Amino acid sequence: MTELKGTVHYEARGNIAVMTIDNPPVNPLSSGVRKGLHDGVTAALADSEINAIVLTGKGRAFIAGADISEFGKAASAGPGLGDVLTMMEGSTKPIIAAINGTAFGGGLEVALCCDYRVASPTAPVGLPEVKLGLLPGAGGTQRLPRLIGAEKALGFILSGDPIPGPAAKELGIVDEVFDGDIVDAAIGFAQDLVAKGSPTRKIRDEADKVMADRANPDLFDNARKGMSRKMRGRFAPEMIIKCVEAAVNSDDFDEGMKAERKYFAQCMEHPQRAALIHVFFSEREVGKIPDVPKDTPLKPIKSAGVIGCGTMGGGISMSFANVGIPVKILEMNQDALDRGLGVIRKNYEIQVKRGRMTQEALDKCMSLLSGTTEYSGLSDADVIIEAVYENIDVKVDIFAELEKVAKPGAIIASNTSGLDIDKMAAATTRPEDVIGLHFFSPANIMRLLEVVRGEKTSAATIATSMALGKTLKKIAVLSGNAPGFIGNRMLGQYTRQAGEIILQGATPYQVDNVILGFGMPMGPFQMNDLVGLDLGWRARKLSKMAPEDVPITARVADKLCELERFGQKNNRGFYIYPEGSRAGQPDPEVVTIVEETSAELGITRAAIDDDEVLKRCFYPLINEGAKLLEEGIAIRPCDIDIVYINGYGFPEPTGGPMFWADQQGLKNVYDDILEFGKKYGGPAWEPAPLLKRLAEEGKTFAEYQAGA
Ligand code: 3H9
């Protein structure tokens with residue numbers, strides 16, 4: 001017999017039955033929980049001594065929702081959630097949800113089937129299904145509009161964001177918020193009900209709010225128009241709106257439930273659902289490092305030092321200050337320090353102006369930032385991160401200085417985006433404390449932290465750095481030490497292809513449009529304009545590179561620089577930017593320059609269709625990912641996916657490049673790579689042995705991750 005997962009404890013406290021869900025760590029609605037709910041309510045109804053039921057969760061959660069690990073698999077054991085909820089809602093004795101902690105998704109839907117809801121002030125309440133490509137499929141889209149009205153329900157369900165108990169009370173989702181022991185409070189609440197004759201209250205029977213909503217025909221159009229940018233292109237939001245429309249427009253609750261079941265099933269079948277659930281589990285998986293035990297003692301991080309107060313150093317310092325960790329910033333002189341701190345203050349002021357931060361929070365963050373012009377000023381820091389420009393000699397010198405001043409055990413880190421961590425570690429006598437902490441720009445906003453282990457980096461330094469990522473509200477992914485690490489090494493393949501494609505027949509605008517259409521926030525040429533075309537051009541000039549040695553993919557950008565088209569910074573690059581605008585407009589002059597460059601290189605241009613553009617941009621990147629796996633630089637395919645989604649804007653609903661490759665079929669990807677290799681040649685099209693093997697065996701990267 002299949003073993004049931006999770007349980008529900010049942011206890012009679014006088015005439016109140018208390019049911020406690022126990023499915024650590026966060027009480028999802030696994031098979032044993034569903035059975036326990038069913039059995040508990042049945043027992044309470046059968047016991048004439050019991051007049052009301054209190055339902056709560058053990059530990060930090062009430063119920064975290066449906067058990068996501070069961071999705072996409074064969075039906076699990078135990079009763080179905082729908083049946084359990086129907087019997088709960090049919091209870092003739094009132095059920096009070098005592099929301100002790102997280103009540104998410106199906107968890108909140110269970111509470112909505114209870115007659116009353118009371119919550120702890122700190123309990124987060126939410127319907128985050130949309131973030132998983134789903135909709136609340138246990139009656140949430142039908143009951144919530146009946147409880148709080150369609151407009152508020154839509155806002156709540158479409159955002160997927162949780163709110164704490166008091167805000168849930170204000171919205172009308174919970175009846176009362178109680179400090180102290182929530183179960184005792186719920187029992188008191190239940191006793192009051194018993195004194196009044198144990199009245200029940202079924203949300204399914206409440207129709208006033210949805211009737212009123214029928215008088216507001218713009219409601220749904222407004223919801224569609226008001227969809228956040230993040231949700232555009234996603235399948236689930238429209239399905240959610242359709243469900244709430246059904247709740248409003250039908251007199252029959254069960255008709256609405258039927259619509260919800262239909263649209264929920266469509267979401268379940270949609271590839272975005274599988275991709276987003278892959279992202280959910282991957283975000284948790286990347287924190288698990290096979291050779292770093294979970295209980296590795298962490299170094300305390302109570303203060304930080306940052307070297308350099310430019311764009312990266314400033315953003316890194318803000319990340320620490322934002323979570324209350326004091327930062328000492330080292331700059332070459334007082335002027336540079338003042339300038340850097342001034343930029344930080346300005347960035348915070350913009351956030352205050354936009355209502356994203358209070359003046360008090362700004363003052364608090366600024367009070368945590370101080371400066372020094374001496375290395376000795378960093379001697380108290382628990383972690384020191386150098387964030388100067390990318391030059392290995394300069395970085396090695398900095399590490400030699402840090403060796404003299406850093407306190408014993410302090411983590412000494414580099415924010416390099418691809419240079420050799422071991423070379424820096426070799427400048428110290430404590431390579432075990434040295435690590436790469438690669439933040440992404442803007443460092444105070446971007447979620448990814450690439451943590452780079454050197455050959456001798458200790459487990460404690462790795463574990464502390466991964467935990468530090470969480471403290472800084474980032475997602476940390478571990479990479480091995482190889483040029484470009486995970487992200488930039490793969491990116492190199494992508495940008496190189498984009499450069500080749502425009503010489504062979506596409507325009508930069510076609511390439512960008514294809515990439516934008518795929519869901520990336522910007523195309524490769526828009527990215528070039530944002531970063532600045534002059535960086536590479538100036539570096540090549542400085543190194544006196546011979547014109548014939550300039551890579552062909554850099555020729556167009558260099559020509560643009562010769563015409564003083566440096567990108568967004570001076571409003572002209574691959575695009576023309578009207579004054580004050582970041583939305584670039586295509587320029588026929590650029591197309592002419594591209595065509596001339598092709599001719600100079602003897603390349604015959606021919607039309608390249610959008611499908612080929614997409615494959616040529618991403619398949620070499622995926623191929624490189626497979627090489628990173630073979631070399632052990634990336635631990636698992638999911639680490640690459642999380643790097644790409646959070647550091648490079650790879651669209652989340654695709655699940656990341658490696659998951660997307662699985663969905664394309666690795667055999668198809670491999671065959672196309674061979675085809676492109678025949679047509680265009682070059683190292684980009686040499687298939688990684690791992691890709692070849694998996695393709696030939698008909699396997700996926702997911703199966704490789706599972707041990708194939
Ligand atoms: C739904 O409910 C659909 C219904 O509308 C309709 C049904 C018909 N299932 O995040 P953590 C695991 S959809 C299975 O590190 P935290 C997680 O993988 C669901 N497992 O802790 C991890 O495992 P491991 C709607 C789950 O304290 C461990 O628990 N609900 C689930 O930082 C600890 O998780 C959601 O979308 C789950 N539902 O955060 C809620 N949830 O230790 C999703 C967690 O092996 N969950 N696990 O790596 C969350 O947002 C966070 O996990 C939560 C706790 C805030 C609850």
Side-chain angles (χ1 to χ4, degrees), residues 5-6 21-34 37 57-73 75-76 78-86 99-113 122-144 153 156-157 159-164 236 239-240 243-244 257 260-269 272-274 276-289 294-295 466-467 469-471 473-476 636 638 642 652:
K5 191 170 157 225
I21 295 155
D22 184 359
N23 189 18
V26 292
N27 300 331
L29 291 160
S30 317
S31 50
V33 173
R34 299 194 300 269
L37 286 172
K58 188 174 170 190
R60 65 186 198 256
F62 172 68
I63 302 171
D67 186 336
I68 314 171
S69 64
E70 290 179 354
F71 290 170
K73 300 192 180 143
S76 69
L81 184 59
D83 295 339
V84 174
L85 295 187
T86 303
I99 303 177
N100 55 303
T102 309
F104 278 5
L108 180 56
E109 292 174 291
V110 167
L112 292 174
C113 285
T122 53
V125 165
L127 291 171
E129 285 90 340
V130 70
K131 298 183 182 177
L132 299 174
L134 283 171
L135 53 84
T141 65
Q142 303 304 302
R143 291 190 183 92
L144 198 61
F156 188 70
I157 303 173
S159 86
D161 292 333
I163 53 173
M239 299 299 108
I240 288 169
C243 287
V244 178
M257 286 297 286
E260 186 188 89
R261 271 196 297 279
K262 175 173 123 191
Y263 296 125
F264 184 78
Q266 290 185 17
C267 288
M268 280 297 264
E269 291 304 315
Q272 286 186 5
R273 192 274 307 160
L276 289 165
I277 286 183
H278 162 75
V279 173
F280 175 85
F281 283 116
S282 299
E283 285 190 353
R284 280 139 189 93
E285 192 66 18
V286 295
K288 297 168 190 162
I289 315 298
K294 213 173 148 193
D295 55 359
M466 298 299 287
K470 208 168 189 183
T471 306
K473 299 197 164 62
K474 304 208 177 286
I475 183 138
R636 296 151 291 223
C638 75
I642 295 304
E652 206 181 343

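On a predicted model such as this, the values are computed, not experimentally measured, just so you know. These numbers come from the heavy atoms of this one structure, side chains and all, not from hydrogens, waters or symmetry mates. Ligands are counted one by one from 1 in listed order, and the atoms in each one are counted from 1 as well.
Here Pro28 has side-chain heavy atoms under 4.0 Å from ligand 1, and that is the only part of it that gets that close. Neither the backbone nor the side chain of Leu127 comes within contact range of ligand 1; no heavy atom lies under 4.0 Å.
Ligand-side atoms of ligand 1 in range of Gly105: 2 (O), 25 (C), range being under 4.0 angstrom from any heavy atom. Heavy-atom proximity to Lys288, at under 4.0 Å, picks out these atoms of ligand 1: 24 (P), 45 (O), 48 (O). Close contacts of ligand 1 with Pro136, meaning ligand atoms under 4.0 Å from a residue heavy atom, involve 5 (O). The ligand atoms of ligand 1 that sit less than 4.0 angstrom from a heavy atom of Gly106 are 1 (C), 2 (O), 4 (C), 5 (O). Short contacts between ligand 1 and Pro128, defined as distances under 4.0 Å to a heavy atom of the residue, involve ligand atoms 30 (N), 35 (C), 36 (O). Every atom of ligand 1 is numbered from 1 in the order shown, and the set under 4.0 Å from a heavy atom of Phe281 is 18 (O). Listed by number with element, the atoms of ligand 1 under 4.0 angstrom from any heavy atom of Val26 are 29 (O), 41 (N), 44 (C), 47 (N), 54 (C).
Relative to atom 3 (C) of ligand 1, the option among Arg284, Lys5, Met268, Glu129 with the closest non-hydrogen atom is Glu129. By heavy-atom distance, the residue among Ala66, Ala61, Gly101 lying nearest atom 19 (C) of ligand 1 is Ala66. Of all the listed residues (Ala64, Gly65, Gly107), Ala64 holds the heavy atom that lies closest to atom 35 (C) of ligand 1.
Put simply, atom 39 (O) of ligand 1 has no protein non-hydrogen atoms near it, under 4.0 Å away. Within the 4.0 angstrom cut-off, atom 53 (C) of ligand 1 has no protein heavy-atom neighbours. For atom 5 (O) of ligand 1, the nearest protein heavy atom lies under 4.0 Å away. Within the 4.0 angstrom cut-off, atom 30 (N) of ligand 1 has one or more protein heavy-atom neighbours.
At under 3.5 Å, not a single nitrogen or oxygen of Pro25, backbone or side chain, sits near a nitrogen or oxygen of ligand 1.
Taking 4.5 Å as the limit, every side-chain heavy atom of Val26 sits out of range of all side-chain heavy atoms of Thr102. No side-chain heavy atom of Phe62 sits less than 4.5 Å from a side-chain heavy atom of Asn27.
The shell of residues lying under 4.0 angstrom from ligand 1, judged by heavy atoms, excludes Gly140. Distances from ligand 1 to the non-hydrogen atoms of Lys131 include no value under 4.0 Å.
What sits closest to atom 21 (O) of ligand 1 on the protein, heavy atoms only, is Arg60 NH2, 3.0 Å.
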